[in-house]
Amino acid sequence: MNTTIYSIACTQLHSLMAGLKLATAKSNANLPVLEEVQLTVDGERVTGVATDRYRLFMDSREVALEQSPEEGEAATVFTLPASAADDFKRLGFSKSHERARVEVSAGEVVVSTAAARLSYPAMDAEYPRVGALMVKALGAVAEGKAVEVPTQYNVDYLGDFAKVRRAAGIPTNTPLRMHQIPAGAGSFQLIVTFPGTDFWALLMGVRHPEGDANHSSAVEALERATESAKALASA
C-alpha cells in the first residue's frame with residue numbers, strides 16, 4: 001500500500017493549523033489552493049506554510065514517521081484545508097493527550113484518532129513556490145539588511161497576531177518583533193516573529209509612517225525559521 005503514515009500530538013496539530021489558518025485566503029473559486037496549508041516533513045519536524053498572496057505564515061512542530069510506503073519514498077509534502085483547524089477544534093484536539101495518525105496517499109490525506117477519522121482530498125493544483133521568497137526575506141534579516149521597528153505604529157496588524165498567539169498556543173509573555181525590508185515605491189516587507197518559537201510571518205507591500213528604528217539583528221529569533229525555509233525551498 002503506497003501510503004505514508006505520520007503521528008503527531010493532537011494538540012500540536014491543532015495549534016499548527018489554527019495559527020496558519022489566519023493567513024489563508026477566504027473561499028476563492030479561482031484560487032482554491034490558497035485555502036490550503038502546505039505541510040512539509042523534514043526529519044522530525046513538519047513545517048506548515050500558508051499564504052493569501054499578501055501574507056505568508058510559517059510554523060513547525062515535531063512529527064514522527066510511523067510507516068513508509070511499500071514502493072517509492074515517503075511522501076514529505078502534502079496539504080490540508082484551512083478548515084481542518086475547525087474540525088480539529090470540534091473534535092477536542094486542543095485538549096487531547098492522544099497522538100493523531102496522518103495517512104498520506106496520492107488521493108487523500110486521512111487524519112484519525114481512536115474516536116474520529118477525517119478524510120481530505122489531495123490537492124489537484126500546485127501550491128505556490130514560496131520557499132525562495134522565505135529564504136530571501138530571512139536572509140536579509142540574518143545579514144543585517146533588515147531593520148527592527150517598533151510595533152506600536154502597526155496597530156492594524158497587531159490584532160491579527162494577537163489571534164495567532166492565541167490560536168498557536170504562544171505564551172502571552174512572548175514578545176512580538178517586527179523587521180522591515182525595503183520593497184520599493186515607498187513600501188516595505190515586514191517580517192514578524194515571536195522569539196523562541198518557530199513561527200514567523202512575511203507581510204508584503206506594507207506602508208508605514210516614518211519613525212525611529214532599532215537596528216538590532218534578528219538572527220537568534222530566526223535561526224530555526226531560516227533552516228526550515230531552506231528545506232522548503234529545496235523541496
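Hydrogens, waters and symmetry mates play no part in the numbers below; they use all other heavy atoms, side chains included.
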Under a single-linkage definition using a 4.5 Å side-chain heavy-atom cutoff for Ile, Leu, Val, Met, Phe, Trp and Tyr, are [X] and [Y] assigned to the same hydrophobic cluster?
X: Val41; Y: Leu65; value: yes
X: Ile5; Y: Tyr120; value: no
X: Val46; Y: Val110; value: no
X: Phe194; Y: Met178; value: yes
X: Leu20; Y: Val164; value: yes

Kindly give the heavy-atom pair with the smallest separation between [X] and [Y], and that separation in Å.
X: Ala23; Y: Ala50; result: CB-O, 3.8 Å
X: Thr47; Y: Ser60; result: OG1-CB, 3.5 Å
X: Ala146; Y: Ile181; result: CB-CG1, 3.8 Å
X: Asp59; Y: Ala168; result: OD2-CB, 4.3 Å
X: Ser96; Y: Thr11; result: O-CG2, 3.2 Å
X: Pro195; Y: Thr193; result: CD-O, 3.6 Å

Quick check: do [X] and [Y] have side-chain heavy atoms less than 4.5 Å from each other?
X: Leu133; Y: Leu56; result: yes
X: Thr40; Y: Val49; result: no
X: Arg61; Y: Ser15; result: yes
X: Gln189; Y: Leu203; result: no
X: Met17; Y: Phe88; result: yes
X: Glu35; Y: Thr24; result: no
X: Leu13; Y: Phe93; result: yes
X: Leu80; Y: Leu39; result: yes

May I ask you to decide whether Lys89 forms a salt bridge with Asp86, counting only side-chain N to carboxylate O separations under 4.0 Å?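 So Lys89 does not pair with Asp86 through a salt bridge.
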Cationic N near anionic O, under 4.0 Å, Asp198 to Arg45: yes
Report the C-alpha distance between Thr174 and Arg165 in whole Å, list the side-chain angles of each, state the deciding distance to 0.1 Å, and finish with yes or no for side chain to side chain contact (heavy atoms under 4.5 Å, CB included). CA-CA 9 Å; Thr174 304; Arg165 188 193 297 274; 3.9 Å; yes
For the side chain of [X] and the backbone of [Y], is there at least one donor-acceptor N/O pair under 3.5 Å apart?
X: Asn2; Y: Glu71; result: yes
X: Arg166; Y: Gly19; result: no
X: Thr4; Y: Ala75; result: yes
X: Glu98; Y: Ala114; result: yes

Would you say [Y] and [X] are linked by a side-chain donor-acceptor pair, where the criterion is simply a distance under 3.5 Å?
X: Ser7; Y: Arg99; value: yes
X: Arg101; Y: Ser112; value: no
X: Ser119; Y: Glu108; value: yes

Let's go through Leu118 and Leu91 carefully: what are the C-alpha distance in whole Å and the side-chain angles of both, what is the deciding distance for side chain to side chain contact (heavy atoms under 4.5 Å, CB included) to 0.1 Å, and is it a yes or a no? CA-CA 10 Å; Leu118 301 165; Leu91 292 171; 3.6 Å; yes
Working to the nearest 0.5 Å, report the span between [atom1] of [X] and [atom2] of [Y].
X: Tyr54; Y: Thr51; atom1: OH; atom2: OG1; answer: 10.0 Å
X: Phe199; Y: Ile170; atom1: CZ; atom2: CD1; answer: 6.5 Å
X: His14; Y: Lys21; atom1: NE2; atom2: NZ; answer: 9.0 Å
X: Glu103; Y: Glu66; atom1: CD; atom2: CD; answer: 11.0 Å
X: Leu202; Y: Leu138; atom1: CG; atom2: CG; answer: 8.0 Å

Under the ring-ring contact (aromatic ring centres under 6.0 Å, His included) rule, collect the residues that match up with Tyr6, sequence neighbours excluded. none
May I ask you to check if Arg55 and Phe57 form a cation-pi contact, with NZ or CZ under 6.0 angstrom from the six-membered ring centre and within 45° of the axis?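 Yes - Arg55 lies over the ring of Phe57, closer than 6.0 Å to its centre and within 45° of its axis.
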Check step by step if side chain to side chain contact (heavy atoms under 4.5 Å, CB included) holds for Glu62 and Glu44. CA-CA 6 Å; Glu62 292 184 0; Glu44 297 179 349; 5.9 Å; no
List the steps, then state whether side chain to side chain contact (heavy atoms under 4.5 Å, CB included) holds for Val33 with Glu126. CA-CA 8 Å; Val33 65; Glu126 186 176 9; over 6 Å; no
